[in-house]
Amino acid sequence: MVVAQLAFRAWALYPSWFYADDYRLVGQARDSSLGVDYLTRPYDSQFMPVGRLLAWVVGRADHLDWHLAASMSLGLQALASVACLWMLVVVFGRRWQILLPLGVYLSSAMTMPALMWWAAALNQLPLQAVFFAAVATWTAYLRGRRFRWIALTMLVLGVGLLCYVKTLLVFVVLAYVAVAYFSSGGVLRRPWTAVRRYWPAALAGLGVGGAFLVYYVTQVPQIVATGEAPVAGALARSMLGRALVVGMLGGPWRWDDFNPPVGIADPPSAAVAASWVFVVVAAILLVLLRRRTGRAWLLLLAYAGAAYVLLLTTRAQIVGGTLGLEYRYLTDTVCVLVLCVGLATMSVPGAVESSEPRTRTRPRWLATRASGLVPTVALIVLLVVSGSISSVRYVLIWHHDNPGADFVTTASRGLAGHGTVDLADEPLPAEVMSGLTAPYDRSGLFVPLFADNVRFPEVSSRLAVLDKDGSPHDAVIRPNVVSGPGPVPGCGWQVANGSTTVPLEGGAGFEDTWLRIGYLASAADSMSVRVGDLTVDASVSRGLGNIFVRAPFGTSSVTLEAPRDGATVCVDTIEVGPPEPGDPL
């Protein structure tokens, strides 16, 4: 099952491509040397030294190397999948029943968005591996109380904290397992029993988790907003009422791809209702068949609630309640689901209290029909097939509708074979890089990631721009301001001795504005062009030609200095405006 999952996810990953934040991570890695400052630099409120390290490795490639990035993701996925199997064997023993929760994890479409988007995978996949490994080592400690298992658990959690801040929630899960399954007594007495019995682990956990929390709060900028009732209700309906419940059963079966290649869950209303019925009926059946199943579902509800609160108080206030349909914010909940399905359906060897079959109160006919190998295998097959269908539909969006991949491919092919190309540094199409990623939404930082024959000068004799598809074109200026006719008949504005100032009535008044100076020169030469506080040296060629100069905001005049070697330059017109695609290169 693990090998089949990895084969499927290799098919999903390798034909895909980078997206949005991926380019930022690679760009920042290329601009930085490997050191503590770089590794500990937060990324959008995320403290992720491990992710920074992996991004730095990818950034060392000459060009964007998706196969290297995809191989990293596949390797992390293999680590997480093996860790899941290991956790199930350690916690529940070698029994065929563990194939049910294993199948839930391996086939869940809820984990696909955090796999396909590389920037998310750098955080989420290590968290999954850390969750499973920490539960396994923690359970081994709870059974024998040997210090080496405490040390190994803290080591795993420490690595997790270097990957993703949500590892802090794993500390809470481990504490819950100790209190709910390896302690006895009433609700109030049980935590104290756990602390007295496992106090070395409690001290170690408080030390590691507390130290990280203090560092994170004081050193990492936070995205925090106050929850509002309309957003809270909408987020609860989308995240917990729709996305989570269908995702638990292999959904959502349908995706909304309004912002490709990212898709959000769009389950049919009938499927949501049927999923709720199935979950409620399954919970009731388990209550009839087994004791102590409620504490497993309590853990799942608490973790999902924590994920909800975290999203509500951060990004949901910016994006809105529909953000709950984005499975990237529920991915780690799948790990808790896997553990809880096991805790509800199997006993935990060595635990003080765990789920066990009812012997007297359960109906005999129900026990006969609901237990056994055949119903379990049928349920595994159903969940795996359902999750695989949802996953395939999600992957196909990335394979066939990734505007960034199409843009990079088109631009790479168009720029190849042209020598050095002078490109205007302009905003990229929003579907390629959102303005929220500024300044990485500009071609000056984006194009050098995959092309090494481009430069972004302040002045050029032949300026090029990329169209919305990525094809390079000679730039033409869409004039907002045009200079008036010059005073010299047959020449216009003559630049021969001293300096000549050409007024621009009204000024440029726009950002991302360029000047095009059309001229006729008697010989090849060079001259200075002063635009506001910017002075550049421009080469002129004999005959007709153009000089393109980036215009500072509010340009109202252009001053031209006489050519150095005595050539005479006649300037016919100066156009001021944004560059647009003209003839293809």
Side-chain angles (χ1 to χ4, degrees), residues 9-34 38 43-44 48 50-77 113-123 125 260-262 395 397-418 420-421 423 425-434 436-456 464-472 585:
R9 299 207 167 188
W11 165 81
L13 281 169
Y14 285 110
S16 191
W17 189 249
F18 297 103
Y19 171 70
D21 292 280
D22 302 347
Y23 301 112
R24 292 176 63 192
L25 283 166
V26 174
Q28 291 175 10
R30 285 192 176 184
D31 295 337
S32 305
S33 58
L34 185 61
Y38 164 72
Y43 180 84
D44 278 357
M48 45 181 292
V50 172
R52 287 282 195 187
L53 176 61
L54 296 178
W56 187 85
V57 173
V58 174
R60 295 307 95 189
D62 292 336
H63 297 97
L64 289 173
D65 191 339
W66 172 249
H67 283 86
L68 175 58
S71 297
M72 287 181 174
S73 295
L74 190 63
L76 291 171
Q77 180 62 80
L115 172 80
M116 300 300 294
W117 191 346
W118 184 62
L122 292 178
N123 294 331
L125 288 173
V262 174
V395 170
I397 302 174
W398 284 79
H399 284 185
H400 302 299
D401 194 6
N402 188 338
D406 297 337
F407 187 91
V408 170
T409 299
T410 302
S412 298
R413 292 174 179 172
L415 292 169
H418 284 289
T420 301
V421 178
L423 278 180
D425 182 11
E426 294 188 294
L428 297 164
E431 60 270 20
V432 176
M433 287 291 281
S434 166
L436 297 175
T437 64
Y440 291 90
D441 64 330
R442 302 186 66 88
S443 56
L445 290 176
F446 184 82
V447 177
L449 295 177
F450 58 85
D452 53 12
N453 64 326
V454 294
R455 65 187 192 116
F456 297 86
V465 294
L466 301 177
D467 65 13
K468 62 182 180 63
D469 298 321
S471 297
L585 281 187

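Just so you know, these numbers come straight off a predicted model, no measurement behind them.
Contact record, Ala10 with Pro15: O-CD, 4.1 Å, taken as the closest heavy-atom pair. For the residue pair Arg60 and Ala29, the shortest heavy atom distance occurs at NH2-O, 2.6 Å. Across Tyr14 and Ser71, no two heavy atoms sit closer than the pair OH-OG, 2.9 Å. Between Ala121 and Leu76 the shortest heavy-atom distance is O-CD1, 4.3 Å. Nearest approach of Leu125 to Gln77, heavy atoms of both residues: CD2-OE1, 3.5 Å. The minimum heavy-atom distance between Phe450 and Ser412, with the atom names listed, is CD1-OG, 3.1 Å.
One finds the OG1 atom of Thr437 at 11.0 Å from the CZ atom of Arg442 (value rounded to the nearest 0.5 Å). The CG atom of Leu74 sits 8.0 Å away from atom CG of Leu115, with the distance rounded to the nearest 0.5 Å. For the atom pair OH of Tyr440 and CG of Leu25, the computed distance is 9.5 Å after rounding to the nearest 0.5 Å. Here the CG atom belonging to Asp469 is positioned 12.0 Å from the OG1 atom belonging to Thr409, to the nearest 0.5 angstrom. Residue Glu426 holds its CD atom at 14.5 Å from CZ of Phe446, rounded to the nearest 0.5 Å. In this structure, the separation between CZ on Arg455 and CG on Leu423 is 10.5 Å, given to the nearest 0.5 Å.
Within the 4.5 Å cutoff, side-chain heavy atoms of Leu428 are placed close to those of Ser443. With a 4.5 Å cut-off on side-chain heavy atoms, Leu436 and Asp441 do not count as touching. At least one side-chain heavy atom of Met72 sits less than 4.5 Å from a side-chain heavy atom of Val57. The closest side-chain heavy-atom distance from Val58 to Phe18 is below 4.5 Å.
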Please step through side-chain contact (heavy atoms from CB on, under 4.5 Å) for the pair Leu34 and Leu53, ending with a clear verdict. CA-CA 8 Å; Leu34 185 61; Leu53 176 61; 3.9 Å; yes
Checking Tyr38 against Ser33 for the side-chain contact (heavy atoms from CB on, under 4.5 Å) test, could you report, in this order, the C-alpha distance in whole Å, the side-chain angles of both residues, the deciding distance, and whether it holds? CA-CA 7 Å; Tyr38 164 72; Ser33 58; over 6 Å; no
Before you tell me yes or no, could you show the steps for Asp452 and Asp62 under side-chain contact (heavy atoms from CB on, under 4.5 Å), namely the whole-Å CA-CA distance, both residues' side-chain angles and the distance that decides it to 0.1 Å? CA-CA 9 Å; Asp452 53 12; Asp62 292 336; over 6 Å; no
I'd like to know whether Tyr23 forms a side-chain contact (heavy atoms from CB on, under 4.5 Å) with Val408, so could you lay out the CA-CA distance, the side-chain angles of the two residues, the decisive distance to 0.1 Å, and finally the verdict. CA-CA 11 Å; Tyr23 301 112; Val408 170; 4.0 Å; yes
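The main-chain N or O of Leu415 is found under 3.5 Å from a side-chain atom of Asn453 such that the two form a donor-acceptor pair. Here the side chain of His399 pairs a donor or acceptor atom with the backbone of Ala12 at under 3.5 angstrom. Formation of a donor-acceptor pair under 3.5 Å by the Trp66 side chain with backbone atoms of Ser16 is found in this model. Side chain of Asp22 to main chain of Ala119: a donor-acceptor pair is present (N/O by atom type, distance under 3.5 Å, no hydrogens or angles). Between the Arg30 side chain and the Leu449 main chain, a donor and an acceptor come within less than 3.5 Å of each other. With hydrogens and angles ignored, the 3.5 Å screen pairs no side-chain donor or acceptor of Ser471 with any backbone N or O of Asp467.
Residues satisfying the salt bridge (Lys or Arg N to Asp or Glu O under 4.0 Å) criterion with Asp21, sequence neighbours excluded, are Arg24.
Across Trp17, Tyr19, Trp11, a single residue satisfies ring pair (Phe, Tyr, Trp, His ring centres under 6.0 Å) together with Trp398, and that is Tyr19.
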